[in-house]
S.K.: 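Take a look at the following structure, please.
Just so you know, residue 1 is the first one in the sequence shown, and it goes up from there.
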Amino acid sequence: MISAYNSEALSCEGDKDRLDKDPTRISWSRGLIRDATRGRRHEFRPERIYRASYRPFTAQYGYFDRPFNDMIYRLEEIFPTPKHENYGFGVIAPHPHASFAVLMQDSLPDVATYTYTAQFFPRWTYEKVEDDTALFLPPVEGPVINGYRRVDNITDEILTIYQSAFGPQVSKDDIFYYVYAVLHSPQYRNTFAADLKRMLPRIPLAASRNDFGTFAETGRRLADLHMNYESVDPYPLHESTHPFGVDDGDLYRVQKMRWQDKQTKKAIVYNTHLTLSDIPAEANEYMLGSRSGLEWLIDRYRVRTDKDSGIVNDPNDWCREHDDPRYIIDLVKRVTRVSVETMRIIRSLPELPL
């Protein structure tokens, strides 16, 4: 794609009307059209390949380099390079027709994580260190990592408020995870359902020190569960198979999953050879916007062809490349586990003084 862009930048001679905007080669943005008409050349930078969180429980590699990404907002401050670790939660932006959603992520987030626009609240941001003198600034400014200073996004002012309310032992991490747990509270979501469609969440204080501690610890558990969804124990769904001599490659190959019955949602037809059944009701109660966690997998993990570029997106490629034919089917089981555990965890949260 970059080679095609450079060829067009060379041949258009400053006239954007002469650009060949063939969508099978490039998805032209305003920025790329501007650069091409100005004769700017760009290079492929392999160090800008990131692991990205495209949709809930859907990891993809993405090329994140400003010339080829329009409207990146503050993402360069959150993940300046793939080596800079960070995590945060994506909250669906207020929308009158969108159900509330929040999910902790530790990789580059897509602005439309839930199809609707999302806003990402990271634990830290990074500032580029311009010269060596900055290395000797007071430690309160944050550690310097690979040429960037890490800045704590929990302010000293809010720390003072929480310590005044719940004791000096409260840390900034405690506050971060407390907020994540509050955003999962069924009581909170029901009480402010209408407000969450119109504005960003406002966070109430817990009723007591003990309740604050419970919320903070619950937030940690939820964050670990949601970020490490690929490594949890698969839920023991029943596999009904009809292999008839089919090898593992075909047995576990996905084309387009579907519910066996959209009303009960107790089984997923994985392919013509395999059905996953005994899906617990709790798994379908864990909603991320308009879809449950499992419905996001059904939507994303299928073979599809982009109508403009003709590029085929085949999730089975990952299974073949990593010699792991069961990756997708085990992912369904793992997200089932995440969904069930999430619902059990949040039902144990204390009441908030709303």
Side-chain angles (χ1 to χ4, degrees), residues 53 56-57 78 86-95 98-106 109 113-114 116-125 152-229 282 285-290 292-293 338-354:
S53 180
F57 309 118
I78 300 171
N86 209 345
Y87 55 91
F89 46 85
V91 175
I92 194 167
H95 194 286
S99 300
F100 184 72
V102 60
L103 183 65
M104 191 74 75
Q105 300 159 290
D106 59 359
T113 298
Y114 311 104
Y116 289 115
T117 302
Q119 291 179 261
F120 191 72
F121 296 88
R123 181 64 184 85
W124 302 288
T125 48
D152 201 315
N153 284 339
I154 305 297
T155 65
D156 292 338
E157 289 79 8
I158 201 68
L159 178 63
T160 298
I161 291 172
Y162 275 78
Q163 287 183 338
S164 297
F166 305 118
Q169 80 288 346
V170 173
S171 68
K172 291 186 175 183
D173 278 343
D174 291 334
I175 297 170
F176 184 77
Y177 292 116
Y178 168 82
V179 171
Y180 192 55
V182 167
L183 294 177
H184 281 84
S185 162
Q187 178 205 10
Y188 174 84
R189 291 194 184 189
N190 290 333
T191 301
F192 297 110
D195 298 274
L196 291 170
K197 292 179 179 292
R198 298 179 301 187
M199 64 181 73
L200 284 173
R202 295 168 185 252
I203 307 300
L205 293 177
S208 66
R209 177 182 294 193
N210 286 339
D211 283 358
F212 173 82
T214 299
F215 271 101
E217 181 56 33
T218 299
R220 283 183 168 85
R221 291 170 61 196
L222 288 171
D224 179 69
L225 187 64
H226 297 161
M227 288 190 292
N228 298 304
Y229 66 92
E282 289 172 307
E285 295 172 11
Y286 176 48
M287 299 296 294
L288 288 156
S290 60
S292 68
V338 168
S339 303
V340 170
E341 290 301 316
T342 296
M343 296 308 300
R344 289 177 179 172
I345 290 170
I346 66 177
R347 284 173 179 153
S348 66
L349 285 169
E351 292 286 301
L352 289 161
L354 304 178

S.K.: Kindly give the heavy-atom pair with the smallest separation between Leu225 and Val338, and that separation in Å.
M.R.: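 Between these two residues, the closest heavy atoms are CD2-O, 3.7 Å.
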
S.K.: Does the side chain of Thr214 come under 3.5 Å of the side chain of Asp211 through a donor N or O and an acceptor N or O?
M.R.: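 No - no donor-acceptor pair under 3.5 Å links their side chains.
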
S.K.: Locate the shortest heavy-atom distance separating Thr113 from Ser53; write the atom from each residue and the value.
M.R.: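 Nearest heavy atoms, Thr113 then Ser53: OG1-O, 4.5 Å.
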
S.K.: Which donor-acceptor pairs under 3.5 Å do the side chains of residues 193-201 make with protein atoms, sequence neighbours left out?
M.R.:
{"residue": "Asp195", "atom": "OD1", "partner": "Arg198", "partner atom": "NH2", "Å": "3.2"}
{"residue": "Lys197", "atom": "NZ", "partner": "Ala98", "partner atom": "O", "Å": "3.2"}

S.K.: Looking only at heavy atoms, which two atoms of Asn86 and Pro122 are closest? And how far apart?
M.R.: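 Reported closest heavy-atom pair: ND2-CB, 4.0 Å.
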
S.K.: When you compare the side chain of Thr155 with that of Lys172, does any pair of heavy atoms fall below 4.5 Å?
M.R.: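 They are not in side-chain contact.
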
S.K.: Any side-chain heavy atom of Ser290 within less than 4.5 Å of one from Tyr116?
M.R.: no

S.K.: Look at the rings of His184 and Tyr180 and say which category their plane angle falls in: under 30° parallel, 30 to 60° tilted, over 60° perpendicular.
M.R.: perpendicular

S.K.: Of all heavy-atom pairs between Tyr114 and Leu103, which one has the smallest distance, and what is that distance?
M.R.: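 Minimum heavy-atom contact is OH-N, 3.1 Å.
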
S.K.: Taking salt bridge (Lys or Arg N to Asp or Glu O under 4.0 Å) as the definition, give me every residue that meets it alongside Glu285, ordered by chain and number, with sequence neighbours left out.
M.R.: Arg347

S.K.: When you measure from the side chain of Thr191 to the backbone of Tyr188, do you find a donor-acceptor pair of N or O atoms at a distance under 3.5 Å?
M.R.: no

S.K.: Minimum heavy-atom separation for Asp152 and Trp124, please, with both atom names.
M.R.: CA-CD1, 3.8 Å

S.K.: Atom CE of Met343 and atom OG of Ser292: how far apart are they, to the nearest 0.5 Å?
M.R.: 11.0 Å

S.K.: Which heavy atom in Phe215 sits nearest to a heavy atom in Ser185, and how many Å separate them?
M.R.: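 Smallest heavy-atom distance, with atoms named: CE2-CB, 4.5 Å.
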
S.K.: Any donor and acceptor pair, going by atom type alone, linking the side chain of Tyr178 with main-chain N or O of Ala206 inside 3.5 Å?
M.R.: yes

S.K.: Looking at side-chain heavy atoms only, is the closest gap between Gln119 and Pro94 below 4.5 Å?
M.R.: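 SC-SC contact between Gln119 and Pro94 confirmed.
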
S.K.: If I take atom CZ from residue Arg123 and atom CG from residue Asp106, how far apart are they, to the nearest 0.5 angstrom?
M.R.: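 Rounded to the nearest 0.5 Å, the CZ-CG separation comes out at 15.0 Å.
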
S.K.: If we only count heavy atoms from C-beta on, is the Asn153 to Phe121 side-chain gap below 4.5 Å?
M.R.: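 A side-chain contact under 4.5 Å is absent here.
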
S.K.: Could you tell me the separation between the CG atom of Leu349 and the CG atom of Leu222, rounded to the nearest 0.5 Å?
M.R.: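 Spacing of CG (Leu349) from CG (Leu222) equals 7.5 Å.
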
S.K.: Would you say His226 and Thr342 are linked by a side-chain donor-acceptor pair, where the criterion is simply a distance under 3.5 Å?
M.R.: yes

S.K.: Just how far is it from atom CD of Glu157 to atom OH of Tyr162, taken to the nearest 0.5 Å?
M.R.: 14.0 Å

S.K.: Answer yes or no: is there a donor N or O on one side and an acceptor on the other, between the side chain of Gln187 and the main chain of Leu352, under 3.5 Å?
M.R.: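 Indeed, once roles are kept as given, a pair shorter than 3.5 Å links the two residues.
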
S.K.: In terms of the angle between their ring planes, are Tyr286 and Phe57 parallel, tilted or perpendicular, with boundaries placed at 30° and 60°?
M.R.: tilted

S.K.: Roughly how far, to the nearest 0.5 Å, is the OG atom of Ser171 from the OH atom of Tyr177?
M.R.: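 Here the interatomic distance stands at 9.5 Å.
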
S.K.: Rounded to the nearest 0.5 Å, what separation is found between the CD1 atom of Ile175 and the CD1 atom of Ile154?
M.R.: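 If we round to the nearest 0.5 Å, Ile175:CD1 and Ile154:CD1 are 6.0 Å apart.
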
S.K.: Would you indicate whether the side-chain heavy atoms of Gln169 and Arg209 approach each other to under 4.5 Å?
M.R.: yes

S.K.: For atom CZ of Arg221, decide whether the heavy atoms of other residues, nucleotides or ligands shown that lie under 6.0 angstrom number more than 12.
M.R.: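 Result for CZ/Arg221: open.
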
S.K.: Less than 6.0 Å separating the ring centroids of Phe176 and Phe89?
M.R.: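 That pair passes the under 6.0 Å test.
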
S.K.: Does the side chain of Leu183 reach to within under 4.5 Å of the side chain of Ile203, using non-hydrogen atoms?
M.R.: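 They are in contact (side-chain heavy atoms under 4.5 Å apart), so the answer is yes.
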
